[in-house]
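What follows is a short report on a single structure.
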Amino acid sequence: MYIINIISYLQYIFVQTHEEVVTDLFSSDPKTYKQLPLMLYQIGTKFRDEIRPKLGIIRSKEFLMKDLYSFDRDQTSAITTYNKVCQAYEKIFKHIGVKFIKVEGTSGMMGGNQSHEFHFPAEVGDDTLLQCKKCEFGMNKEMSPELVQCPKCSSTDIEFTKAIEVGHTFNLGTFYSNALSATYSDTDGTLKPPYMGSYGLGVTRIIGASVECLSTQEIIQWPRSLSPFTVCIIPAKEGSIEENTSLNNIQSLYNHFTKIFGDDIVVDDRTHMTIGKRLIEAKKLGFPFVVVMGKKINENPSLYELYEASTNKLKHYELSNLINYLKQQCLDKI
């Protein structure tokens, strides 16, 4: 009875990745060359028994991951697909705005003959990257722990960088399709194994690593593309001489900002607190922009204070200039 119960539980298995499942899914519906290349993806929760879980969501036993699997007719087509996905990953990381490093990685248990890793440089990272300062070739130290010169240009000027892995790509060849007898029908009707690729982005790890790379011990700093809100508005304190002007202008200000940033705006309406205390908290929370309706709101024309997290500076703007400046910042991020 005990053995039967164990066997019944085996139908629920937490896997590190899903190449076998996706290859089986590919095989369940016969494919022809006309349907290739084919890419299947999912975004879901993963569970791994990490040896050293640490740093919140950067390395945890439960995390959110994006998996993508590609199927191609031949190696040439597979390399084309592989390069397109790598370019898409680079575009994603450039949009996020955190410095990243792409290096050659180990295929390990995944199989295949080509692999790249995407990392955010950080002292708390588990990985050590080796980068040639002359030709910029890079690899994970796991590939060659005793490396003394660049394998591409033979330079000995090698830089060591600690980093957090946030993405990984694998060119798998026919490793899984051969093992699981997955085939497609080619132009002449013969059955051939598809060439596969596997690609992963650590969604929650990217969030945690981004904050780790940009923040200090005192404040959180979000990349604008990932921040919970882009703009925080701080109205005047209740009972202050600026309160009436602030109340009269807050809705108009909010409406102007929604035309730029949509609903990506929060108003700190705890007006029983001083502006200074709310500004300190807004800085700690990492809002990219904080607009303060302070003492100069009563001047003619009214002046708004803008705190920009990326520069850690506070400047005053007339409303029209403030709107134009934020519009330009929004355009620069697209």
Side-chain angles (χ1 to χ4, degrees), residues 15-19 39 41-70 81-110 112 114-131 136-143 159-172 197-216 220-228 286 288 310 333:
V15 295
Q16 287 193 332
T17 185
H18 295 89
E19 280 74 15
M39 290 190 280
Y41 81 97
Q42 66 172 2
I43 299 175
T45 303
K46 292 288 185 71
F47 299 89
R48 292 183 186 171
D49 191 13
E50 291 284 357
I51 298 175
R52 298 183 304 277
K54 64 177 183 179
L55 298 172
I57 60 176
I58 291 180
R59 184 167 289 283
S60 56
K61 294 192 175 186
E62 177 181 348
F63 56 94
L64 199 63
M65 189 170 181
K66 188 285 301 172
D67 295 313
L68 171 68
Y69 307 94
S70 62
T81 298
Y82 182 87
N83 290 335
K84 284 182 178 179
V85 175
C86 285
Q87 290 167 9
Y89 277 18
E90 291 179 33
K91 187 175 181 180
I92 289 170
F93 290 124
K94 287 176 182 177
H95 179 75
I96 290 173
V98 178
K99 179 183 177 182
F100 72 94
I101 302 173
K102 177 187 175 185
V103 298
E104 292 195 7
T106 58
S107 295
M109 62 180 290
M110 297 291 290
Q114 186 180 27
S115 172
H116 287 91
E117 300 172 0
F118 295 81
H119 293 262
F120 287 168
E123 285 301 317
V124 299
D126 287 335
D127 290 279
T128 300
L129 310 182
L130 307 178
Q131 291 181 281
E136 299 185 345
F137 172 81
M139 66 167 62
N140 193 311
K141 189 179 179 181
E142 293 178 353
M143 295 183 65
E159 183 179 30
F160 292 73
T161 304
K162 298 292 289 183
I164 303 168
E165 183 184 340
V166 289
H168 206 147
T169 59
F170 301 89
N171 188 353
L172 301 174
S198 175
Y199 319 87
L201 287 178
V203 179
T204 44
R205 186 178 292 184
I206 287 172
I207 295 172
S210 296
V211 173
E212 175 65 35
C213 291
L214 298 178
S215 302
T216 68
I220 293 174
Q221 184 171 332
W222 294 92
R224 278 171 50 194
S225 54
L226 300 181
S227 60
S310 61
K333 194 60 184 174

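Not a single donor-acceptor pair under 3.5 Å links the side chain of Y199 to the backbone N or O of S70. Side-chain atoms of S115 come within 3.5 Å of backbone N or O of T169 as a donor-acceptor pair. Judged purely by atom type and a 3.5 angstrom limit, T45 has no side-chain atom pairing as donor or acceptor with the backbone of F63. Judged by distance alone, with hydrogens and angles left aside, the side-chain atoms of T204 form a donor-acceptor pair with the main-chain N or O of L64 at under 3.5 Å.
Judged as a ring-ring contact (aromatic ring centres under 6.0 Å, His included), and not counting sequence neighbours, the contacts of F118 are Y89, F93.
For the pair L172 and S198, the tightest heavy-atom approach, listed with the atom from each and the gap, is CD1-CB, 3.7 Å. The two residues Y69 and E19 make their nearest non-hydrogen contact at CE2-OE2, 3.3 Å. Minimum heavy-atom separation, N140 to L129: CA-CD2, 4.3 Å. For the pair G286 and W222, the tightest heavy-atom approach, listed with the atom from each and the gap, is O-CD1, 3.5 Å. Here the closest heavy-atom approach between residue S210 and residue I96 is recorded as OG-CG2, 4.0 Å. Across all their heavy atoms, A209 and V166 have their closest contact at CB-CG1, 4.0 Å.
Annotation: the span from F137 atom CZ to Q131 atom CD amounts to 10.5 Å, rounded to 0.5 Å. To the nearest 0.5 angstrom, L130 atom CG is 10.5 Å from E142 atom CD. Distance check: C86 SG to H116 NE2 gives 6.0 Å after rounding to the nearest 0.5 Å. Remark: M143 CE to E104 CD distance equals 5.5 Å, nearest 0.5 Å. Put simply, CZ on R205 and CD on E212 are 13.0 Å apart, with the number rounded to the nearest 0.5 Å. Atoms CD1 and NE2, on I101 and H119 in that order, are 8.5 Å from each other to the nearest 0.5 Å.
In the displayed structure, K162 atom NZ is contacted under 6.0 Å by more than 12 heavy atoms of other residues, nucleotides or ligands. Residue E136 qualifies as open at atom CD: its count of foreign heavy atoms under 6.0 Å is 12 or below.
You'll find the side chain of K99 stays beyond 4.5 Å of the side chain of C213, heavy atoms only.
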Going through the checks in order, is the side chain to side chain contact (heavy atoms under 4.5 Å, CB included) test met by L226 and I206?
-> CA-CA 10 Å; L226 300 181; I206 287 172; 4.3 Å; yes
